[in-house]
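Given the structure is predicted, the values throughout are model-derived calculations rather than measurements.
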Amino acid sequence: MAILLVRTDTAGAVEFGEAPVLSQKVKNGILPPVKDRLPTTPMIVSPNDRIGTYGGTWKMAQRNKRDHALLIRNIGYEPLLRWTPQWSSTIPNVALSFQPSSDATEFLFRLRPGMRWSDGAPFTAADIVFWYEDILINPAFAEAIPEWLSSGGETVQIEAIDTYTVAFRFDKPYGLFPTALARPEGVEPVSYPAHFLKPLLPKYNANADAEARELGFDGWKERFIHVFGQPGTIDDPTRWNNPDVPTLNAWILTGVYGQDDPLIATRNPYYWKIDPTGRQLPYIDSVSMTLVPSKKAAGDAAIAGLVNMQERHVSNYAPEILAQNPDLQPFTLIESDMNILTLSLNLNDKDPVLRKIFQTKDFRVALSHAIDRDRIIDRFVPGARPHQAAPRPESPLYHTVLARQFINHDVELAENLLNKIGLTRKNENGIILRPDGKPLSFTIDTEGAGRFAMVDAIVQYWRALGIDAKARHLPRDEFVALREANDHQASAWGGDGGLDAMVIPINYLPMSSESSWYATGWAHWYLNSESIDAVTPPDIVQKQFSLYEELKATASTEKQNQLMRDILDISANQFYVMGIALPPNRRGVVARNFHNVPKVMPAAWSYATPAPTNPSQYFIEPK
């Protein structure tokens, strides 16, 4: 992608173009001319294949519950810095430019003068300062500062240098900050339109609380969340409940996620990107998302013609979709996940007896040896390679021990390990008894029919050992809520951190209270040791945290890799999480008249697939 500079205030500058639907609104006096809607220096996006044409509707299928990730990945990724399409580096995006200090403690961002929110209001450094002062460090909202916004345990400090320049400062060097900012979470600093949200806060409106109560809310905070959604994290579907909230995205929702079917998003008339000929993006007029109850239903929607470009949900059904819908063709997703299924026990379980058993490494090793991975693979992912929860072989951080240990099927060894740790007594039903005399029983939760079927097959091996393990298929909202409250016993999920182990190390050290489900209490301690949810971790886990803080502080790639290897050495010794197999590459589907989608793209949450390929330059050729 070429990033060029075009000034709209330069004499003889390029003449800008716009979609016909916007031209008509300009003629009708509804919108100002396009040159007045673009920033002084728009971002120029070179199309993947060729210059596009305006019009058409991008059609997708969206799960009707807790599938806001589809919105984030496709229409919600506009951070200050973004990944290149090749996932090779970060580049300015909302920021016109950025300059790190030599010691990586200060990062200066120059914004785009004249850039506007989707309602036409100016976007400036004041919006970022509003997010910082009134959301991030506001005690009413912030229970814990996200890990990626701190260094050395201290929260970032933000200052507006002038209207279009903002400084992010850290007490300790933070060489990983540009990388963290390019992740999906990096949209947070530029997601809060101050002009729209200030009237909801008592700091700016002395009547905010009274006004909220008159409208039936308990107070100003409840009203704020009702209007904006849950602040502080992008991982909440309520952030997509109000189409009136201004945005910087290419398309703007016209309805409410989870209610409107289809959910429609239309072009942002103030979108700040253009193609090399000076035409305002996006090319596509609207995005339409049909709500479906399951991934299988998403595949059926693609077969029925309700999808013209999608990778999320449909990849497992791609062969069937492509066989039954000749209008669609495949594109390849280079897999970055390190496992088709990760299995984790809750090392911070609220039951003290179960917690002690789970924290015994030999118990976890026994469970791993009990699984016949070859048989599971033959049944669910033929041709895949057995693999523990470890970086992929293609990664420079591949760790042989972590990837291959305890992977062979050996029931006798598993039984010996259980005997070694004193789990020798059984009841009349053949179930092992805990030290307190109760049956050794736990549930392992997951979400998704395909994942549940695999987990259900796996727990049969544990039951054969005498462990009363049960697989539970939960709705996603319930699955997440149980983990947020630490009311879970075990979890089964996918495997982030295959090619991006350093960016998303959640399976290698418990640093995320939202995702490191094997030790959420330890994760809370890492984020805020004073939190009521914090559980003091063992010294070896604290050592990992110290290493990761050191890793974040350095800008040296060589030193970062060495520190991450040290973290993985500890992870291998601790064996927090077990895995089943390496996921193979997947396929997405795209209509034959839907253009500028790369034939190959990375597949990862930290990459926000397919957002860095610039969906605003996708276009649909009329049939």
Donor-acceptor pairs are to be reported for all side-chain atoms of residues 449-462 against protein atoms at under 3.5 Å, with residues two or more places apart or in another chain.
from, atom 1, to, atom 2, distance (Å)
R451, NH1, E447, O, 3.1
Q460, NE2, D456, O, 3.0
W462, NE1, L367, O, 3.0

*Is Y508 reaching over with its side chain to a backbone N or O of M502, donor-acceptor style, under 3.5 angstrom?*
no
*Between Q542 and P537, is there a donor-acceptor pair closer than 3.5 Å when you use the side chain of the first and the backbone of the second?*
yes
*In sequence, state the C-alpha distance, the side-chain angles, and the governing distance for I371 and L343, and then conclude on side-chain contact (heavy atoms from CB on, under 4.5 Å).*
CA-CA 11 Å; I371 302 169; L343 308 161; 3.9 Å; yes
*Using 30° and 60° as the class limits, which term best fits the ring planes of F228 and F224: parallel, tilted or perpendicular?*
tilted
*To the nearest 0.5 Å, tell me how far T90 OG1 sits from R82 CZ.*
11.5 Å
_Identified ring-ring contact (aromatic ring centres under 6.0 Å, His included) counterpart of W493 within the set W517, Y518, W605_ = W517
*Who pairs with R404 by salt bridge (charged side-chain N to carboxylate O under 4.0 Å, His left out), at least two apart in sequence or on another chain?*
none
*Are side-chain N/O atoms of Q560 and T554 paired as donor and acceptor at under 3.5 Å?*
no
_Minimum side-chain heavy-atom gap F442-D349 below 4.5 Å_ = no
*Going by atom types alone, do N585 and T332 pair a side-chain donor with an acceptor below 3.5 Å?*
no
*asked:* Given 3.5 Å as the limit, does a donor-acceptor pair link the side chain of K65 with the main chain of P475, or not?
replied: no
*Between atom CD of Q62 and atom CG of L70, what is the distance when rounded to the nearest 0.5 Å?*
5.0 Å
*Less than 4.0 Å between a side-chain N and a carboxylate O, is that true for E188 and R239?*
yes
*asked:* Check the orientation of F168 and F177. Use parallel for under 30°, tilted for 30 to 60°, and perpendicular for over 60°.
replied: tilted
*Distance, nearest 0.5 Å, that separates CD1 of I340 from NE2 of H387*: 11.5 Å
*Should we count NZ of K350 as having more than 12 external heavy atoms under 6.0 Å?*
yes
*Is a side-chain donor-acceptor pair under 3.5 Å present for D235 with Q230?*
no
*Salt-bridged, R434 to D351, with N to O below 4.0 Å?*
yes
*Run the numbers on S515 and D496 for side-chain contact (heavy atoms from CB on, under 4.5 Å), then give the verdict.*
CA-CA 10 Å; S515 304; D496 288 314; over 6 Å; no
*Indicate the atoms forming the closest heavy-atom contact of L345 with F358, along with that distance.*
CD1-CD2, 3.6 Å
*For residues T609 and A604, report the shortest heavy-atom separation together with the two atoms involved.*
OG1-N, 2.9 Å
*asked:* We want to know whether D566 and Q562 form a side-chain donor-acceptor pair, criterion being a heavy-atom distance below 3.5 angstrom.
replied: yes
*Minimum heavy-atom separation for A414 to A366, with atom names?*
CB-O, 3.4 Å
*Would you please test M289 and L71 for side-chain contact (heavy atoms from CB on, under 4.5 Å) and show each step?*
CA-CA 9 Å; M289 291 154 282; L71 296 165; 3.5 Å; yes
*Donor-acceptor pair, D410 side chain versus H369 backbone, under 3.5 Å?*
no
_For A572, side chain to side chain contact (heavy atoms under 4.5 Å, CB included) partners two or more places apart_ = H399, V401, L402, Q405
*Any side-chain heavy-atom pair of N339 and I580 under 4.5 Å*: yes
*asked:* Distance to the ring centre below 6.0 angstrom and angle to the axis at most 45 degrees; does that hold for R73 and Y77?
replied: no
_How long is the straight-line distance from OH of Y257 back to CZ of R63, given to the nearest 0.5 Å?_
8.5 Å
*To the nearest 0.5 Å, what is the distance between CD (Q359) and CD (Q574)?*
10.0 Å
*What do you reckon, is CZ of R375 surrounded by more than 12 foreign heavy atoms closer than 6.0 Å?*
no
*asked:* Before you tell me yes or no, could you show the steps for D539 and K543 under salt bridge (Lys or Arg N to Asp or Glu O under 4.0 Å), namely the whole-Å CA-CA distance, both residues' side-chain angles and the distance that decides it to 0.1 Å?
replied: CA-CA 6 Å; D539 290 346; K543 173 65 174 177; over 6 Å; no
*asked:* Please find the pair of heavy atoms, one from P391 and one from A501, that lie closest to each other, and give the distance.
replied: CG-CB, 3.9 Å
*Full working for side-chain contact (heavy atoms from CB on, under 4.5 Å) between Y607 and D500*: CA-CA 9 Å; Y607 174 81; D500 50 354; over 6 Å; no
_So, applying side-chain contact (heavy atoms from CB on, under 4.5 Å) with S441, which one of D468, I432, I467 is it?_
D468
_Within 6.0 Å of NZ in K361, more than 12 heavy atoms from elsewhere_ = yes
*Taking NZ, NE, NH1 and NH2 as the nitrogens, is one of them in D569 or R565 under 4.0 Å from a carboxylate oxygen of the other?*
no
*Between H313 and D67, do the side chains contain an N or O donor and an N or O acceptor separated by less than 3.5 Å?*
yes
*Closest approach of P231 and F141, non-hydrogen atoms and distance?*
CG-CD2, 3.4 Å
*May I ask you to decide if the ring planes of W525 and F545 are parallel, tilted or perpendicular, using 30° and 60° as cut-offs?*
parallel
_Hydrogens and angles aside, do T238 and D236 bring a side-chain donor and acceptor to less than 3.5 Å of each other?_
yes
*Any donor and acceptor pair, going by atom type alone, linking the side chain of S191 with main-chain N or O of V187 inside 3.5 Å?*
yes
*What distance do Q489 atom CD and D445 atom CG have between them, rounded to the nearest 0.5 Å?*
8.0 Å
*Mark yes or no for whether R392, through its side chain, and L582, through its backbone, hold a donor-acceptor pair below 3.5 Å.*
no
*asked:* If I compare all heavy atoms of R66 with all of V480, which pair ends up nearest, and what's the gap?
replied: NE-CG2, 3.4 Å
_Presence of salt bridge, K172 and E549, under 4.0 angstrom_ = no
*Is the closest side-chain heavy-atom distance between P189 and L136 below 4.5 Å?*
no
_Could you check whether atom NE2 of H409 has more than 12 heavy atoms from other residues, nucleotides or ligands sitting under 6.0 Å from it?_
yes
*Does some side-chain heavy atom of S151 sit less than 4.5 Å from a side-chain heavy atom of D171?*
no
_Side chain S294, main chain A297, donor-acceptor under 3.5 Å_ = yes
*Side-chain (Y317) to main-chain (A298) donor-acceptor, under 3.5 angstrom*: no
*Parallel, tilted or perpendicular, as decided by the 30° and 60° cut-offs, for the rings of W522 and Y576*: perpendicular
*Taking T360 for its side chain and K356 for its backbone only, find out whether a donor-acceptor pair lies under 3.5 Å.*
yes
*Just one of L433, L354, N427 clears the side-chain contact (heavy atoms from CB on, under 4.5 Å) bar with L440, so which one?*
L354
*Using the ring of each side chain (for Trp, its six-membered ring), is W83 parallel, tilted or perpendicular to W87, with breaks at 30° and 60°?*
perpendicular
